[in-house]
Amino acid sequence: MFKVSFFEKTLEFEAPLSVFDAAKAAELVTRAHIAAEVGGTVVGMTHLLAGDCEVKLLTFTDAAGKHVFDHTAAHILAQAVKRLYPATKLTIGPAVESGFYYDFDSDIPFTPDVLAALEGEMKKIVKENLLIERFELPREEARALMEEKGEPYKMQLIDELPADAVISFYRQGEFVDLCAGPHLFSTAAVKAIKLTQCTGAYWKGDQKNKMLQRVYGAAFPSKEELKAHLEALEEARKRDHNKIGRELEYFTTVEEIGQGLPILLPKGSRVIQTLQRWIEDEEQKRGYLLTKTPLMAKRELFKISGHWDHYRDGMFIMGDPDDYSKECFALRPMTCPFQYQVFLNKKRSYRELPMRLGETSTLFRNEDSGEMHGLIRVRQFTISEGHLVLRPEQLEEEFRGCLELAKYVLDTVGMLENCTFRFSQWDPARAGIKYEGTAEQWEEAQRVMGNILDNLGVQYTIGIDEAAFYGPKLDIQYKNVFGKEDTIVTIQIDMLLAEKFGMEYVDSDGQMKTPYIIHRTSLGCYERTLAYLIELYAGALPTWMAPEQVRILPIGDEHIDYAYDVKRRLAAKGVRVEVDDRNETIGKKIRTTQLEKVPYMLVIGDNEMNAGTVAVRSRKEGDKGAVTVDEFLSDLLVEIEEKRR
RNA sequence: GCUGCUAUAGCUCAGUCGGUAGAGCACGUCAUUGGUAAUGACGAGGUCAUCGGUCCGAAUCCGAUUAGCAGCUCCA
């Protein structure tokens, strides 16, 4: 006898039975139940229960249930590929957030036509209602089976499994795949499938390995859900900064200037200027000293910093890097070695620390040609850079200050809700290759940083092998409208570079000490942040940062002079305002294209003139009726000052 | 850098079998209309991304380059 608890009710059984049968006995199972969680492990409905356990039934709406569903969809894809292109070699095919993918090694390119054919074959497989069975084999037999099926990648995967691993397979019809599972009961539940794209991906994610063909897809229990998913994707595309950022004239690119070198048009420039002035002022309030350092330096500087050894491929170098009879310059990829010179300018006392240095810093990185993307990944960008030179006991307090500033800044622009924190650590296996310094130094820096993060109550994930070459980082990750993640802000502890540059201060006991350094940004890089703001607000930026805050619309020729008078009054207070007099007498037929991107519109006509007012139309609140210009202006200035969203 | 796709007017796109280029919107002029997504007429705009090849002839076929997109790898 054993007990199976379904939370709602508990039953007792004598003989082992499947989750499905147990749930059926409990009268809990429906068609929607596609998997289960038994004692915290996700299993299929055919999983045998033989002892006391707690069972939670899963549907597609549970993340774990969707995962099982998508994984089965990936197997159906692989089966379809093997039917239509038997020579294809299978590799791996997991479920991912956006659905699933499967990587294939095939000589035939999977063009859109091929994907359509595969989709058709997948539908057949679903109709065939193939039962999905799990079986386990000892290592040698597992290997032999994969050899017989002609699957070298699967053989390699088997060889790499730990000695005590259970080697399981799943069979559906004629198709067998090495897989840990779990899976659906049958192929029939996967009612709606869309193969979205085919791209390249390296085997095991290693650039040195063969490039495979990755087919992405999405699958749902019903056609309606698939349709809704595809429509949501379409909506996200409408917010794509790379599309609307160009349409709304924030930026453009020019073939002759080159990849990753966007032109910021007047609107984009104005937004960035607004952000930059705000950040510089905010940092000044918080005790930062402003610096302005060169955009380039001789190779010798980067040799000291270590960039020459660790970052040379990512730098733009002018001159022959190997000819030491001549000068060789490089554009700066980072600000650190330049800003350190500010500290090194004279002998420093402990009384001067913490020294907080801030700079709006333009950097140059020679990214690989396939990496560039709109304003998000570029070769020249400007960052709200800063370095804090500290006594050891100031580390925690200053780190907290940096984190508070970053959170305040991200919260103000509205991005904090979509942020997560990542504690980026080194990988000891790459010591001396990617990372400088000793294991002791790294362990110490990471211990200190871990303590600080825990003391501050920061919820973070750990990213192994995500550190900088000189130290661990706290990366603030931003998730965009497509669900893609990028680092927006980073705060790093550096125990190495101060020593390399000979940075020292005289401590209270008269001894020379090496300071700690925090590298940090507050708003990250302006171009990338602008891109995310455009997406976040679908181009309709909050008033305080909008490139055009007010548009004045005179109705009739006789009001044009007054419209310009109102414009002068607003502009004198720093308001970004335009008059639209292009259709001065058109009246009814005023073009309103893109007007929804401007926070306020002032309509000037006879009614308003008689009352000495303007008719205010707010993007957010609609028609606000007639108010005097002074009232409108004072409310507007308060809204801008408060940086309301 | 890698795999796949793409490039025709400022934008969105037609252009069949290889025979010297087309629409709508936008833009300009004139006329017309007094309140929030589209008045009418006329006009201007393209070395079909660039370079090379095949051909009597290339927007169209082939190759290279450049740029853009998706993904991989890398990264703020």
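A note on names: the letters A, B, ... follow the listed sequences, proteins ahead of strands, and every chain is numbered from 1.
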Interatomic distance at C1', B:G43 relative to B:G57, whole Å: 33 Å
| For the side chain of A:Arg520 and the backbone of A:Thr490, is there at least one donor-acceptor N/O pair under 3.5 Å apart? | no
Practice problem: For B:G28 versus B:U20, give the span between their P atoms, rounded off to a whole number of Å. | Solution: 33 Å
**Request:** Check whether any side-chain nitrogen or oxygen of A:Gln207 sits under 4.0 Å from OP1 or OP2 of B:C74, and answer yes or no.
**Result:** no
Out of B:A76, B:G71, B:C69, minimum distance to the side chain of A:Tyr216 belongs to B:G71
Review point. Between B:G53 and B:C42, how far is it from one C1' atom to the other, in whole Å?
Key: 44 Å
### Task
Describe the nucleic acid contact of A:Glu255 in one word from base, sugar-phosphate, nothing, applying a heavy-atom distance below 4.0 Å.
base
Atom P, compared across B:C27 and B:U65: separation rounded to whole Å:
40 Å
Among B:C75, B:G1, B:U36, the one nearest any side-chain atom of A:Met601 is B:U36
Whole-Å C1' distance, B:G40 and B:U33: 11 Å
Rounded to whole Å, CZ of A:Arg365 lies from P of B:A76 at a distance of 6 Å
Quiz item: Relative to each other, are the rings of A:Tyr470 and A:His519 parallel, tilted or perpendicular (30° and 60° limits)?
Solution: parallel
Checking B:C75, B:C72, B:U36 against the side chain of A:Ala201 (C-beta onward), the nearest is B:C72
Expected label for B:G53 (glycosidic angle, syn inside 90° of 0, else anti) would be anti
Re B:A14: Watson-Crick or G-U wobble partner, both distances kept under 3.5 Å, found to be none
B:C17 glycosidic conformation (syn if within 90° of 0, otherwise anti) is syn
* **Pairwise C1' distance for B:A37 and B:A26, with rounding to whole Å** => 14 Å
Give one of base, sugar-phosphate or nothing for A:Phe110, where a contact means two heavy atoms less than 4.0 Å apart.
nothing
Across every strand shown, the nucleotide meeting Watson-Crick or G-U wobble geometry with B:C2 (both distances under 3.5 Å) is B:G71
Applying the 3.5 Å cut-off to both distances, the Watson-Crick or G-U partner of B:U66 turns out to be B:A7
Exercise for the section: Using the C1' atom on both, measure B:A7 against B:C51 and round to a whole Å. Expected result: 15 Å
Among B:U3, B:G1, B:U36, the one nearest any side-chain atom of A:Met211 is B:U3
Check your understanding: What orientation do A:Tyr600 and A:Phe632 show, parallel under 30°, tilted 30 to 60°, or perpendicular over 60°?
Key -> perpendicular
Inset, instruction - Indicate, with a heavy-atom threshold strictly under 4.0 Å, whether A:Glu367 touches base, sugar-phosphate, or nothing. - result: base
note: A:Asp240, atom CG; B:G68, atom P; distance rounded to Å ~ 14 Å
Result for 5'-nearest mapping on RNA chain B, choosing between A:Ser369 and A:Gly205, is A:Ser369
In Watson-Crick or G-U wobble terms, with both distances under 3.5 Å, the base opposite B:C48 is none
Whole-Å distance, A:Glu371 CD to B:A76 P, equals 12 Å
| task | With heavy atoms under 4.0 Å as the rule, sort A:Val489 into base, sugar-phosphate or nothing. | result | nothing
Any strand, both distances under 3.5 Å, Watson-Crick or G-U wobble: B:C27 pairs with B:G43
B:A9 and B:A49, which share atom name C1', separated by this distance in whole Å: 14 Å
Phosphate oxygens OP1/OP2 of B:A76: is one of them under 4.0 Å from a side-chain N or O of A:Lys473?
yes
Can you tell me if A:Lys484 touches the phosphate of B:G71, counting only side-chain N or O atoms and a distance under 4.0 Å to OP1 or OP2? yes
(Q) Under 4.0 Å, heavy atoms only, any strand: does A:Arg214 hit a base, just the sugar-phosphate, or nothing? (A) sugar-phosphate
Worksheet item: For A:Gly370, which contact category applies under a 4.0 Å heavy-atom criterion: base, sugar-phosphate, or nothing?
Response: base
Checklist entry - Looking only at side chains, do A:Thr521 and A:Ser384 share a donor and an acceptor under 3.5 Å apart? => result no
**Q.** Distance-only donor-acceptor test, A:Arg377 side-chain atoms vs B:C74 base atoms, 3.5 Å
**A.** yes
Inset, instruction - Identify whether a stacking contact exists between A:Phe381 and B:A76, where the ring centres must be under 5.5 Å apart and the planes under 30° apart. - result: yes
Is the phosphate of B:C75 approached by A:Lys434 (side-chain N or O, under 4.0 Å from OP1 or OP2)? yes
For A:Lys243, answer base if it contacts any base atom (sugar-phosphate contacts may also be present), sugar-phosphate if it contacts only those atoms, and nothing otherwise; contact means non-hydrogen atoms under 4.0 Å. nothing
At 4.0 Å (heavy atoms only), tell me whether A:Ile376 reaches a base, stays on the sugar-phosphate, or touches nothing.
base
Under 6.0 Å from the ring centre and within 45 degrees of the ring axis: does the NZ or CZ of A:Arg286 meet both conditions for the six-membered ring of A:Tyr408?
yes
| query | Any N or O donor-acceptor pair linking the side chain of A:Tyr202 to the base of B:G71 at under 3.5 Å? | reply | no
When rounded to whole Å, the NE2 to C1' distance for the pair A:His519 and B:C75 reads 17 Å
* Are A:Lys479 and A:Glu97 within salt-bridge range, i.e. N to O under 4.0 Å? -> yes
Next on the checklist: Checking A:Ser522 against A:Glu283: is there a side-chain donor and acceptor pair closer than 3.5 Å?
Outcome noted: yes
Modelled atom types, side-chain donor and acceptor of A:Tyr202 and A:Asn209, under 3.5 Å:
no
Pairing partner of B:U60, by Watson-Crick or G-U wobble and under 3.5 Å for both distances, is none
Answer yes when A:Arg332 and A:Glu359 have at least one side-chain N-carboxylate O distance shorter than 4.0 Å, and no when they do not.
yes
Look at the aromatic rings of A:Phe104 and A:Tyr102 and report parallel, tilted or perpendicular, splitting at 30° and 60°. parallel
So what does A:Cys198 touch, heavy atoms closer than 4.0 Å: a base, only the sugar-phosphate, or nothing? nothing
When rounded to whole Å, the CD to C1' distance for the pair A:Glu249 and B:C11 reads 11 Å
By the Watson-Crick or G-U definition, both distances under 3.5 Å, B:C55 is matched with none
The nucleotide from B:G1, B:A67, B:C69 with an atom nearest the side chain of A:Gln259 is B:A67
In whole angstroms, the gap separating P of B:C2 from CG of A:Asp368 amounts to 9 Å
Here the distance between atom C1' of B:A76 and atom CG of A:Asp475, to the nearest Å, is 9 Å
When rounded to whole Å, the CD1 to C1' distance for the pair A:Ile552 and B:U36 reads 16 Å
